[in-house]
2 protein chains.
Amino acid sequence: MAVAYERIADTLRQSIRAGQLRPGDRLPSEAKLAEEFQRSVPTVRDALRVLRDEGLIEKQHGRGNFVRRPRTTAVRTNLRHQWEKSRARGPVAERARTGATEHDTGLQVGDLVFHASYREIVADENLSEAFALPAGTPLLERSYRTRHTAESAPFSLVTSYLVHGLIAANPDLLDETKEPWPGGSQSQLYTVGIELDRIEERVTARPPTPEEAAELELPPGTSVLVLRKTSIDIKERVVGVSDVILPGDRTEILFTTPLERW
Amino acid sequence: MAVAYERIADTLRQSIRAGQLRPGDRLPSEAKLAEEFQRSVPTVRDALRVLRDEGLIEKQHGRGNFVRRPRTTAVRTNLRHQWEKSRARGPVAERARTGATEHDTGLQVGDLVFHASYREIVADENLSEAFALPAGTPLLERSYRTRHTAESAPFSLVTSYLVHGLIAANPDLLDETKEPWPGGSQSQLYTVGIELDRIEERVTARPPTPEEAAELELPPGTSVLVLRKTSIDIKERVVGVSDVILPGDRTEILFTTPLERW
DNA sequence: GAGTGGTCTAGACCACTGT
DNA sequence: CAGTGGTCTAGACCACTCC
């Protein structure tokens with residue numbers, strides 16, 4: 001190994017992988033490591049940054065560097081879509097009892113705190129392409145933040161778009177104070193006569209923007225899952241688009257693909 | 001903004017977002033930026049590292065720092081599973097003509113270079129849980145690397161596991177020189193009488209290990225998509241597990257969920 | 001060879017944590 | 001308060017790119 005900071009990182013990485021340093025353990029202080037490896041403190045810090053970027057350690061200002069514990073993950077499954085559709089026409093009481101997120105996570109309604117805000121916009125190039133409608137088409141933009149009661153950071157950032165012209169028939173749908181709507185968006189769409197045929201979800205991963213990192217309280221060096229959900233109705237129209245940002249180290253997305261019998 | 005390197009990063013980030021610095025543009029040299037902002041070069045480098053971690057710029061040794069272009073993405077869709085199942089019993093000639101990856105990407109068979117290696121192992125704790133079988137159960141581990149002819153880095157790292165006892169009836173399935181098998185693994189499983197009922201795919205994101213970063217030629221600061229695919233047969237047995245590592249900045253996973261009619 | 005980023009030093013001072 | 005990591009300086013020398 002040519003460079004000093006990589007040699008130091010390799011040595012520490014091996015200690016972690018071999019279990020000599022266990023999750024939660026504190027590493028020797030940066031000054032101690034510098035002395036041990038006969039290098040300057042900034043060089044040791046370069047090595048520690050490598051390990052932090054790999055998600056192996058966590059830096060805590062004033063306390064030390066710690067071996068990271070694997071995160072517990074929240075699950076989001078695509079079975080939620082059929083579940084939501086089946087209930088969309090059901091009685092309000094049943095719809096209000098629990099939502100799709102509670103269905104995925106096994107939590108109760110009271111365990112989640114929910115915030116929504118609405119805004120009327122027009123389609124830019126990106127959304128125009130997603131909806132297959134001309135740029136400038138009026139849309140309703142809805143922003144959602146959902147978090148566990150016990151935690152300060154939301155576990156997802158959702159920005160959802162609906163075609164204004166398709167939903168204006170029900171003024172309640174334009175009113176953010178009616179949120180959370182019992183039964184979710186498929187129930188909302190049902191009130192204006194829209195039935196979904198299928199849902200397409202595109203998943204990629206990238207580093208968070210500083211804004212996303214702050215809102216999700218992401219430690220440096222973690223990534224976000226980006227999910228774009230497209231709702232297509234039985235007339236083959238794109239009636240809804242949602243962008244969902246999920247913390248990569250806390251989230252698992254589960255997709256089940258049923259296969260036809262031979 | 002309290003700290004110097006964040007102020008510098010913010011200024012440059014805004015220039016990029018506003019389009020004053022466009023994709024492909026070279027930033028001023030680190031020495032120039034240091035002079036411009038009245039800070040030392042290492043401080044400027046701290047700022048540039050922030051932007052690199054956000055995926056906004058790319059460092060090129062000896063050339064400069066460049067605004068990054070958004071990557072073109074390869075798509076992987078779950079429609080491939082039904083497509084593969086439908087062909088699994090078809091004539092060899094048709095199966096050999098094109099595979100699931102070509103189906104997803106729209107490429108020809110000759111555009112892809114394929115490498116496989118087999119190894120016989122026993123289930124560790126992780127795999128034992130995934131298969132719902134006792135630890136120590138004999139498995140066949142298969143490693144695949146697939147890349148475009150024109151590129152040096154593979155676009156996925158696949159490690160796939162099959163239950164040895166279920167496939168040993170066909171010795172060809174234990175022979176890596178028979179790869180690539182026309183029609184893929186569902187066709188392989190068909191030769192030992194296994195039919196799949198469904199496929200479950202779990203997706204998370206995390207920073208790459210150094211080994212993954214090297215093999216996929218990932219620039220620092222990018223993440224990988226981790227996909228665990230579980231194949232369940234019509235007798236509700238887990239008959240296959242695959243771990244797929246995909247470069248987060250080059251890959252899009254598309255899942256379609258069909259919904260039943262009201 | 002000129003210009004660029006990559007690595008590294010040997011300190012300084014500040015901010016945070018826990019006693 | 002002592003100990004920790006966070007920020008920053010003002011250089012040095014090396015490795016790479018391009019002319």
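Atoms considered below: every heavy atom in the structure, side chains included; atoms not considered: hydrogens, waters and symmetry mates. Lettering follows sequence order; numbering is per chain, from 1.
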Testing C/dG18, C/dT4, C/dC8 for proximity to the side chain of B/Ser29, the answer is C/dT4

request  = Select base, sugar-phosphate, or nothing to describe what B/Asp46 touches, counting heavy atoms under 4.0 Å on all strands.
outcome  = nothing

In terms of side-chain geometry, is the basic nitrogen of A/Glu211 or B/Arg17 positioned less than 4.0 Å from the acidic oxygen of its partner?
yes

Ranking D/dT9, C/dT4, D/dC18 by distance to the side chain of B/Thr43, first place goes to D/dT9

B/Ser40 has its side chain closest, among C/dT17, C/dT7, D/dT9, to D/dT9

Which of C/dA15, D/dT9, C/dG5 is nearest the side chain of A/His61? It is C/dA15

Testing C/dT4, C/dA10, D/dC8 for proximity to the side chain of B/Lys32, the answer is C/dT4

The nucleotide from D/dG5, C/dT9, C/dG5 with an atom nearest the side chain of B/Lys59 is C/dG5

Check your understanding: Would you call the rings of A/Tyr118 and A/Tyr144 parallel, tilted or perpendicular, where under 30° means parallel and over 60° means perpendicular?
Key -> perpendicular

A/Arg63 with A/Glu58: basic N within carboxylate O range, under 4.0 Å: no

Among C/dG5, C/dT9, D/dT17, the one nearest any side-chain atom of A/Pro42 is C/dT9

Winner on side-chain proximity to A/Glu30, out of D/dG6, C/dT9, C/dG18, is D/dG6

Against the side chain of B/Tyr5, the closest entry in D/dC8, C/dT9, C/dG18 is D/dC8

